[in-house]
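Each ligand, and each atom within it, is numbered from 1 in the order the structure gives. Because the structure is a prediction, the values reported are computed rather than measured.
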Amino acid sequence: MSAASDNQGALVRADAARLLARVVFDGVSLRAVLDARSTRGDARDRALLAATVYASSRWWLRFEAMLKHLLERPLPAKARDIHALLMLGMVQIEVMQMPEYAVVAACVDATRLLGQPRLAGLVNAVLRRFLRERSALHERADSDEVSRHAHPRWLIERLRADWPRDVESILAANNCEAPLTLRVNRRRCQREAVIERLAREGVTAQAPGHLPDGLLLGESTDVSRLPGFAEGHFSVQDGAAQQVVDLLALESGQRVLDACAAPGGKSAHMLERADIDLIALDVDAARLQRVNANLQRLGLSATVRQGDVAHAESWWDGRSFERILLDAPCSATGVIRRQPDIKLHRRSADVIALAATQARLLRALWPMLAPGGRLLYSTCSVLRAENEAVVGDFLADQKTVRALPIAERFGRAAGAGRQNLPGNKGMDGFFYALLEKTR
Ligand SMILES: C[S@@+](CC[C@H](N)C(=O)[O-])C[C@H]1O[C@@H](n2cnc3c(N)ncnc32)[C@H](O)[C@@H]1O
């Protein structure tokens with residue numbers, strides 16, 4: 001390896017350490033730190049940086065326990081980038097299976113790039129000791145469930161209480177990388193044509209039988225560079241989210257509300273499927289810009305409104321809707337494999353606050369639904385408090401509602417709805433409950 005490429009390896013690791021420290025110590029989301037980083041430079045370096053920050057966030061709670069054991073005393077707060085560097089060094093060796101001594105050497109060089117030359121010896125010593133003592137460190141990490149599963153204790157406990165028979169498989173699925181699933185825009189092209197066009201570029205894709213618009217890519221890639229993306233032939237969307245539109249049973253001419261629409265994945269899918277009159281509402285103006293950009297790229301149109309569901313006077317004209325989608329803000333505990341930083345950022349108390357918000361949004365929307373109309377309540381959470389408990393309480397209170405049955409293919413029966421558990425059919429964790437207004 002040349003001196004230039006050696007230095008490049010150190011540069012990438014120094015950058016990755018800074019970003020990882022932002023995620024872990026400042027609570028910034030993985031997506032936000034990676035979106036904000038420069039798009040210049042070598043594509044392979046960018047891919048390595050993103051893969052490293054993702055894997056290190058995913059396994060932080062496991063390797064953190066090992067690092068504690070390897071360090072004689074905790075690192076000072078001002079050395080937090082070095083803390084992150086040590087963590088990503090171990091993850092690159094152990095999880096990403098990169099050549100051991102090349103990783104150690106690049107991390108030592110990165111220490112200097114991070115402005116901490118006096119810690120280069122420590123980084124070298126800690127990573128080399130890690131290499132010598134790996135098996136004992138793993139054994140020790142396996143003795144506690146937080147480091148064994150790389151999940152916070154509160155979440156393991158909640159998952160165990162909610163899904164006693166499935167807890168181990170949920171935790172394991174959360175620690176896997178998610179597949180890349182696309183949704184083909186049937187207004188613009190056919191699935192087979194997309195498969196053929198991608199194949200000509202060497203990208204393999206297959207059509208899963210349970211998703212009429214879905215495409216599963218053979219490997220992860222920068223989708224925005226694929227042929228057809230700019231022309232709006234497809235979007236990225238997990239299969240569980242694609243199933244939402246099937247439950248809504250949309251018909252031409254219907255007036256439909258997507259009450260929590262941003263960034264617009266499900267709004268777009270509805271418009272690709274049926275000629276409806278759609279209001280795409282969201283409280284977050286910045287996120288609504290992404291709805292507009294997505295609809296424009298896909299050649300679709302809706303009334304995109306900024307507003308709070310609970311303050312209807314600011315956005316609703318009083319005409320009822322035949323369909324409402326409430327894809328509620330939630331803990332996102334069903335999509336941890338895509339957003340592993342959730343394990344580091346989410347707190348138990350958030351779940352209680354979210355459940356209260358979900359119940360409030362559901363109650364606020366009900367008067368806007370026409371008699372005979374359907375409201376689909378969905379979340380990407382796997383916690384019963386945000387799903388069947390919210391819907392169960394609503395059903396107990398309301399006289400004009402009945403829950404419609406949902407087919408088994410949507411997942412486990414969960415109160416009046418169904419829950420797809422993470423990894424089932426390769427999809428994210430997702431909850432669906434379909435409510436009809438009786439009068
Ligand atoms: C799970 S995301 C929606 C994802 C979206 N349905 C999609 O498929 O692309 C939840 C959204 O709810 C929005 N939200 C939260 N509280 C709201 C409120 N009171 N009124 C309207 N939107 C709200 C958030 O800004 C966020 O964009």
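Ion pairing between a basic and an acidic side chain is recognised when a charged N comes within 4.0 Å of a carboxylate O; D397 and R363 show no such pairing.
Without hydrogens or angle criteria, S147 side chain to S143 main chain gives no donor-acceptor distance under 3.5 Å. Looking only at distances, no side-chain donor or acceptor of Q306 sits under 3.5 Å from a matching main-chain atom of D284.
A cation-pi arrangement is present between R384 and W163, with the terminal nitrogen or guanidinium carbon under 6.0 Å from the aromatic centre and inside a 45° cone about the axis.
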N or O contacts of ligand 1 with protein under 3.5 Å, please list pair by pair.
{"from": "ligand 1", "atom 1": "6 (N)", "to": "C260", "atom 2": "O", "distance (Å)": "2.9"}
{"from": "ligand 1", "atom 1": "6 (N)", "to": "D327", "atom 2": "OD2", "distance (Å)": "2.7"}
{"from": "ligand 1", "atom 1": "8 (O)", "to": "K266", "atom 2": "N", "distance (Å)": "3.3"}
{"from": "ligand 1", "atom 1": "8 (O)", "to": "K266", "atom 2": "NZ", "distance (Å)": "2.8"}
{"from": "ligand 1", "atom 1": "9 (O)", "to": "P263", "atom 2": "N", "distance (Å)": "3.4"}
{"from": "ligand 1", "atom 1": "9 (O)", "to": "G264", "atom 2": "N", "distance (Å)": "3.1"}
{"from": "ligand 1", "atom 1": "9 (O)", "to": "G265", "atom 2": "N", "distance (Å)": "2.9"}
{"from": "ligand 1", "atom 1": "19 (N)", "to": "D308", "atom 2": "OD1", "distance (Å)": "2.8"}
{"from": "ligand 1", "atom 1": "20 (N)", "to": "V309", "atom 2": "N", "distance (Å)": "3.0"}
{"from": "ligand 1", "atom 1": "22 (N)", "to": "V283", "atom 2": "N", "distance (Å)": "3.2"}
{"from": "ligand 1", "atom 1": "25 (O)", "to": "D282", "atom 2": "OD1", "distance (Å)": "2.6"}
{"from": "ligand 1", "atom 1": "27 (O)", "to": "A262", "atom 2": "O", "distance (Å)": "3.2"}
{"from": "ligand 1", "atom 1": "27 (O)", "to": "D282", "atom 2": "OD1", "distance (Å)": "3.4"}
{"from": "ligand 1", "atom 1": "27 (O)", "to": "D282", "atom 2": "OD2", "distance (Å)": "2.8"}
{"from": "ligand 1", "atom 1": "27 (O)", "to": "R287", "atom 2": "NE", "distance (Å)": "2.7"}
{"from": "ligand 1", "atom 1": "27 (O)", "to": "R287", "atom 2": "NH2", "distance (Å)": "3.1"}

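Remark: R323 engages no residue in a salt bridge (Lys or Arg N to Asp or Glu O under 4.0 Å) (not counting sequence neighbours).
Aromatic pair H151/W59: centroids not less than 6.0 angstrom apart.
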